[in-house]
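In the text below, chain A, chain B and the rest are named by the order of the sequence lines, each starting its count at 1. Side-chain atoms are counted along with the backbone in the values below, which use heavy atoms only and exclude waters and symmetry mates.
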Amino acid sequence: MKLAKISIKNIGYKPLSSILSVLLLAFGIGIIVLLVNFSKQFEKQFTTNVGGIDMVVGAKGSPLQLILSSVYHIDDPTGNIPLSEYEKLKRNPLVETAIPLAYGDNYKGYRMVGTTLDYPKHYEAELENGNWFLKTGEAVIGAKAAQNTGLKIGDSFSGSHGLTQSIDHHDHFHYKVVGTIKSTGTVVDKLILTDINSVWAVHATEGHSNKSEPEITAAFFSFKSPMANLTVPRMVNKNTSMQAALPAIEVNRLFSLMGSGMQSLRILAILIVIISGISVFLSLLQSLKDRKFELALMRTMGATRGQLLFTILLEGVWVALMGYVLGIILGKLGLLALSGLAQSNFQYQLQIAYFNSLDALLFPLSILLGALAAFVPAWQASKINISKTLSHG
Amino acid sequence: MSVVCNQLTHQYLSNVPIAFPNFELKDKEQLLLLGESGRGKTTLLHLLAGILPLQGGDIHINKTALKSLKKRALDKFRGQNIGLVFQQAHFVKSLSVMDNLLLAQKLGGKPCIPDFALEILNELNMGFSASKKTYELSVGEQQRVSIARAIINKPALILADEPTSALDDKNAAAVCQLLCDTAQKVGANLIVVTHDKRLQTSFSKKLTL
């Protein structure tokens, strides 16, 4: 017969009063788990993918849209730019590296990007099998794209026009899969990479562009000195038909846009947790009123004040423990749902750990909350006047 | 086993102090304390049980002076040496009959032995109730279980506060008999506090407050 057992039985005896506390704590913890995991992965995705890119150049339009479409492949491109303008900018003495991108087609919702081998190199992507694309019509597949489209080396496929699945197939042009890329944890995983000439070949034969001059969609630049961050974009925006956007600035802007929303959700979650503590406090206080006689009885049976204090404290702790477990489960389920949403809309997936350091950190905090909320009722229980309670009970 | 009460007085705040008669119980002796309401019957019982602090006088139970015991020690002494039976049986409602008995062992600082608890229940013909919740039993059955709880730690002294007032004649006689017999069997002193005149014949030693 452990005192812990009594406290569990006491909760089970009148479960309704504990349910609200458990639910509140579970929701609070669930939201925290969801929020922290999501914002951490969101920031990680955005900062790893943008690393090493000082400037993105594309057609004029929203700079954020340009970054989202060219770096993360989650928005539509702002338009096309002439290849000659790109070539001219590339010769600027301040430019260290330049990577051209031509995209606009997809296979089963996975975007096809025509580029040079510098692109996978930039993301330190390595081949899992096969070779890199060398000739027009060859394609290598990112890990997630390969997994979800089922494309293997030797398969041939044709892309569809646009960035989402459509019926407008480029049936006459077939790509051949020559390699698959190891998972990198970057945007490369969800892409199908081809040589930039392949993209031109597809569209030239179809007469998409009747201009003779080839075009690209966007280009990444890195500079030799940080000074160029100030001068080159200004020059591009002023003197050319193109737009230059700095990923660092746009990503920061995105974070601060999301940040205020996250912040208010976080405050809400903490408020819910605090209210759950108050709920534990009030329901224990209420139940002690009904159990006064029982507590006095336990004292007559030899229970010390400390033992009563401990028993009631444990009731708070059990409720907190249940709220914690339920909250972690809720949080993970929420992440799973969010991951599914991100997967179907952007081909991004969230990593969902069974148990991570945040979950571990929330455990002692929850227990502490339960103990703290139960402390005053437990203290009162331990101070109960046995004789008076028995005479008037 | 012995109980000695010497020059005991108690005063509630501004009220007139109550002086209790001296008495002494030797091995296995049983005492009936009679008195009308308000004569301090329950007060005396609570003093004996050590749940009211002593103001004047001495109580020795099994040659231990209650005065000499402090807080925790007094709680443990009570758990081990004193069994209490109330007018209305009270239990920890969320626990079964068996668990209530095991709780008494635990709080009395004894090892929890379900077999022993069941043995005691069987002796009181309550073996069938072990896994029931206490509120599922009749009033008479509850009183039997509370007697089982009072004797489970083989106490030196059993204190019963109006144990029969809520019962009809038949049950009252049975419970009274049971109290006397079980106290005898475990070798405990028994003090019954009551205004219930039906019990007078069962006790040889009586004291009126």
Relative to each other, are the rings of A/Phe293 and B/Phe86 parallel, tilted or perpendicular (30° and 60° limits)? perpendicular
Search all heavy atoms of B/Leu52 against all heavy atoms of A/Ser387 and return the closest pair with its distance. CG-OG, 3.3 Å
Give me the atom names and distance for the closest heavy-atom approach of A/Met298 to B/Val92. CG-CG2, 4.1 Å
Let me confirm one number: the [atom1]-[atom2] distance from [X] to [Y], rounded to the nearest 0.5 Å.
{"X": "A/Lys5", "Y": "B/Leu102", "atom1": "NZ", "atom2": "CG", "value": "7.0 Å"}
{"X": "B/Arg72", "Y": "A/Thr304", "atom1": "CZ", "atom2": "OG1", "value": "5.0 Å"}
{"X": "A/Lys2", "Y": "B/Cys112", "atom1": "NZ", "atom2": "SG", "value": "8.5 Å"}

When you measure from the side chain of B/Lys76 to the backbone of A/Gly302, do you find a donor-acceptor pair of N or O atoms at a distance under 3.5 Å? yes
Looking at A/Gln307 and B/Leu107, would you say the former's side chain and the latter's main chain have a donor-acceptor pair under 3.5 Å? no
Hey, which of B/Leu74, B/Leu45, B/Thr42, B/Ile51 has the most heavy atom pairs under 4.5 Å with chain A? B/Ile51
Which one wins on heavy-atom pair count under 4.5 Å against chain A: B/Thr43, B/Leu95, B/Asp161, B/Asn153? B/Leu95
When A/Leu295, A/Asn385, A/Asn10, A/Ile11 are compared by non-hydrogen pairs under 4.5 Å with chain B, the top option: A/Asn10
More than 12 heavy atoms of other groups within 6.0 Å of [X] [atom1]:
{"X": "A/Phe46", "atom1": "CZ", "answer": "yes"}
{"X": "B/Lys206", "atom1": "NZ", "answer": "yes"}
{"X": "B/Lys133", "atom1": "NZ", "answer": "yes"}
{"X": "B/Lys110", "atom1": "NZ", "answer": "yes"}
{"X": "A/Tyr354", "atom1": "OH", "answer": "no"}

Give, as side chain, backbone, both or neither, the part of [X] having an atom under 4.5 angstrom from any heavy atom of chain A.
{"X": "B/Lys93", "answer": "both"}
{"X": "B/Leu84", "answer": "side chain"}
{"X": "B/Ala104", "answer": "both"}

Would you indicate whether the side-chain heavy atoms of [Y] and [X] approach each other to under 4.5 Å?
{"X": "B/Lys106", "Y": "A/Ile6", "answer": "no"}
{"X": "B/Arg78", "Y": "A/Ile386", "answer": "yes"}
{"X": "A/Lys9", "Y": "B/Ser96", "answer": "no"}

Any salt bridge linking A/Arg305 with B/Asp75? Criterion: basic side-chain nitrogen under 4.0 Å from a carboxylate oxygen. no
